[in-house]
Amino acid sequence: MAPLLSMQGIDKRFAGIPALRSAELVVEKGEVHALIGQNGAGKSTMIKILTGYYRKDAGEILFDGKPVEFSSPQDAQRSGISTIYQEINLVPYRSVTENICLGREKRRFGLLDWSAMHEEARTLLARFKIDIDVRRPLMVYPTAVQQMVAIARAIGFEAKLVIMDEPTSSLDEREVEVLFGVIRQLRETGVSVIFVSHKLDELYAVCDRVTIMRDGRTVQVAPMDQLSRLDLVTSMLGRELSQVLHEGHDTADADGVGEPVLKVRNLAVGRKVRDVRFEVLPGEIVGLAGLLGAGRTESVRAVFGADKPGAGTIGFAGRENAIAAPSDAIRAGMGFCSEDRKLEGIIPDMSVRENLTLALMPQLARRGIVDEARSREIVDRFIKRLGIRCAGPEQRIRELSGGNQQKVLLARWLCMNPKLLILDEPTRGIDVGAKAEILSLIRELAGQGLGVLMISSELEEVVEAASRIFVLRDGRTAAELKGDAVNEQSVMAAMAHGHESTQGGVHG
């Protein structure tokens with residue numbers, strides 16, 4: 001039986017730089033197929049060529065036995081290919097029903113049949129065990145629910161192929177299991193799924209075969225049950241995993257010295273943050289851990305001046321409650337890489353140079369004229385220092401992989417010589433190789449005296465990077481962990497029970 005999808009000999013260049021070189025991807029009917037690789041390996045470019053977002057330079061694509069070259073994602077969707085992107089691509093001000101039925105609205109006597117569409121939205125969401133008012137705007141629901149709505153919308157098109165790009169990035173464990181159940185249902189009904197994820201556990205839990213890409217090429221295709229995790233990672237990186245792990249620990253973890261650069265006490269913000277306390281010393285990496293909704297992001301946004309606290313004190317660089325807006329924070333020496341790269345980080349249509357120097361621009365300009373020579377010197381230095389893979393400083397940042405976009409955002413703040421860098425999910429959606437590079441860079445920066453406050457939903461990552469961890473639970477600081485207590489078991493116990501660690505409770 002012919003495969004549902006066959007992509008052979010696919011080439012693509014951006015500004016003369018090859019992004020894909022004779023790449024291949026074959027997906028069978030009724031198969032869940034993993035597509036993995038480091039950021040910049042070419043997997044996103046492969047998907048965008050398949051769905052008509054980019055045009056290929058060479059190669060052949062067969063879908064359902066016929067040669068195809070879609071002119072747009074809408075064209076691909078009409079032909080039976082639905083894509084769920086990592087960044088939720090819906091209309092927040094429209095209702096849940098409108099988002100699910102957008103582009104295929106039901107009509108009766110020439111008018112929109114709202115009753116039928118509401119019922120269809122409820123039925124689709126019921127597959128994910130979600131019972132909500134589908135008439136309300138999408139924006140009133142949390143990110144995890146919005147992600148499920150995006151998936152329900154894709155499935156509602158009765159596609160032959162569903163592409164899922166990091167679909168679990170906003171979901172908790174229970175929601176992930178529900179999603180996997182739906183994926184298995186799709187497989188049983190003959191629908192194929194391309195599953196893109198950097199989480200190895202997920203690949204082994206739900207995928208039948210895997211295509212591994214590296215440097216724009218397809219380097220391995222194999223059944224999941226015939227590849228060990230070490231084999232998979234080694235193939236993806238093109239080198240031994242032990243080498244990457246060794247590189248990640250070249251710089252000794254800094255424990256921090258002196259007076260805190262940041263000291264937060266009894267912080268309250270809106271309804272989610274009620275009594276949060278933590279601190280960061282110069283040269284220290286501090287982790288903020290907690291379940292979804294614990295108040296981590298809300299707390300650091302208040303520290304950066306993006307949201308107004310209702311109560312408590314925020315001391316930074318020896319001054320108390322002096323930051324009323326992000327501009328105050330930046331001037332005082334604070335940088336903030338937010339969780340959502342696309343919405344709050346990069347400016348997609350601007351160049352790497354423009355994105356990198358955005359915060360520094362007031363210092364680069366004199367009487368309204370930008371010092372171009374100094375700007376180029378700074379950009380070239382940080383591209384080299386952080387190993388940012390791009391065609392050049394003028395390449396649009398949206399053409400870079402997620403890992404390289406994140407490096408540009410890190411460079412944006414590092415060129416300001418900050419005292420504190422806040423990182424909210426710095427490796428979200430980034431593969432294991434780029435993750436190791438970024439964590440290694442964070443350790444190097446801490447070793448040079450920079451205070452780092454890091455939020456991550458991956459416990460392993462927080463435990464590996466941080467010398468001290470503050471655990472948040474239900475909007476309160478539940479525990480401070482340090483020394484031997486910095487381990488996954490202690491963090492999970494604090495999340496569940498809220499006990500302060502005997503190795504170091506939070507002191508007011």
Side-chain angles (χ1 to χ4, degrees), residues 3-15 17-28 31-64 66-77 79-87 89 154 159-167 192-198 203 207-222 224 232 235-238 389-391 395-396 398-405 429-434:
L4 176 68
L5 171 69
S6 175
M7 301 178 72
Q8 301 289 339
I10 307 298
D11 287 353
K12 180 65 180 176
R13 288 175 172 266
F14 293 106
I17 305 294
L20 294 175
R21 293 179 285 186
S22 199
E24 301 176 4
L25 175 62
V26 176
V27 180
E28 303 293 340
E31 175 187 40
V32 182
H33 195 104
L35 178 62
I36 67 170
Q38 291 196 74
N39 287 93
K43 55 190 188 295
S44 293
T45 305
M46 208 63 170
I47 288 171
K48 287 178 178 178
I49 285 174
L50 169 61
T51 56
Y53 190 87
Y54 293 149
R55 293 183 68 86
K56 58 182 169 53
D57 295 334
E60 180 184 53
I61 304 173
L62 299 177
F63 182 69
D64 210 10
K66 300 173 184 175
V68 294
E69 185 158 357
F70 300 119
S71 58
S72 67
Q74 292 75 22
D75 186 19
Q77 191 167 267
S79 299
I81 299 176
S82 278
T83 306
I84 303 156
Y85 296 100
Q86 179 185 346
E87 286 88 3
N89 200 16
K160 299 172 186 174
L161 174 65
V162 179
I163 302 169
M164 298 187 176
D165 186 1
E166 302 283 358
S192 301
V193 176
I194 295 177
F195 191 84
V196 181
S197 177
H198 67 283
L203 303 181
C207 297
D208 302 308
R209 288 193 308 143
V210 60
T211 290
I212 302 171
M213 299 189 69
R214 187 172 71 242
D215 297 329
R217 301 178 187 274
T218 300
V219 295
Q220 190 168 9
V221 180
M224 287 299 308
L232 188 146
S235 180
M236 187 166 61
L237 298 179
R389 290 187 59 185
C390 59
Q395 184 178 7
R396 282 184 291 190
R398 65 178 172 83
E399 296 174 355
L400 271 56
S401 67
N404 284 300
Q405 289 178 4
I430 292 176
D431 63 77
V432 67

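Please read all numbers here as calculations on a predicted model, not as lab measurements.
In this structure, OG1 in T218 is found 8.0 Å from CG in L20, a value given to the nearest 0.5 Å. Taking NZ of K43 as the reference point, atom CG of L25 lies at 13.0 Å (rounded to 0.5 Å). Atom CE of M213 is separated from atom CZ of R21 by 10.0 Å, given to the nearest 0.5 angstrom. Note that OG1 of T51 and CG of L161 are 10.0 Å apart. Values are rounded to the nearest 0.5 Å. In this structure, CZ in F195 is found 10.0 Å from CD1 in I84, a value given to the nearest 0.5 Å. Distance check, rounded to the nearest 0.5 Å: OG of S72 to CD of Q77 gives 9.0 Å.
Remark: D165 does not engage K48 in a salt bridge, criterion side-chain N to carboxylate O under 4.0 Å.
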* Dump the intermediate steps for side chain to side chain contact (heavy atoms under 4.5 Å, CB included) on I163 and L50, then the final yes or no. => CA-CA 10 Å; I163 302 169; L50 169 61; 3.8 Å; yes
Criterion side chain to side chain contact (heavy atoms under 4.5 Å, CB included) on M224 and L232, from CA distance to verdict: CA-CA 9 Å; M224 287 299 308; L232 188 146; 4.0 Å; yes
Evaluation steps, side chain to side chain contact (heavy atoms under 4.5 Å, CB included), between N404 and C390:
CA-CA 8 Å; N404 284 300; C390 59; over 6 Å; no
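Between the side chain of R209 and the backbone N or O of E31, no donor-acceptor pair lies under 3.5 Å. Side chain of Q405 to backbone of L400: a donor-acceptor contact under 3.5 angstrom is found.
The two residues P3 and V27 come nearest to each other via the heavy atoms CB-O, 3.5 Å. Closest approach of S197 and I36 over heavy atoms only: O-CG2, 3.7 Å. Contact between A391 and Q395 at its shortest, heavy atoms only, is N-OE1, 2.5 Å. The two atoms that bring E24 and G9 nearest to each other are CG-N, 4.1 Å, heavy atoms only. Across all their heavy atoms, D75 and S71 have their closest contact at OD2-N, 3.1 Å. What you find for D11 and S22 is that their closest heavy atoms are OD1-N, 2.6 Å.
Annotation: side chain of F63 is in contact with side chain of L4 (closest heavy-atom distance under 4.5 Å).
Counted within 6.0 Å of CZ on R55, heavy atoms from surrounding residues, nucleotides or ligands total 12 or fewer; the atom is thus considered open.
Side chain to side chain, H33 and T211 meet the donor-acceptor criterion of an N or O pair below 3.5 Å.
Not counting sequence neighbours, the partners of D64 by the salt bridge (Lys or Arg N to Asp or Glu O under 4.0 Å) test are K29, K160.
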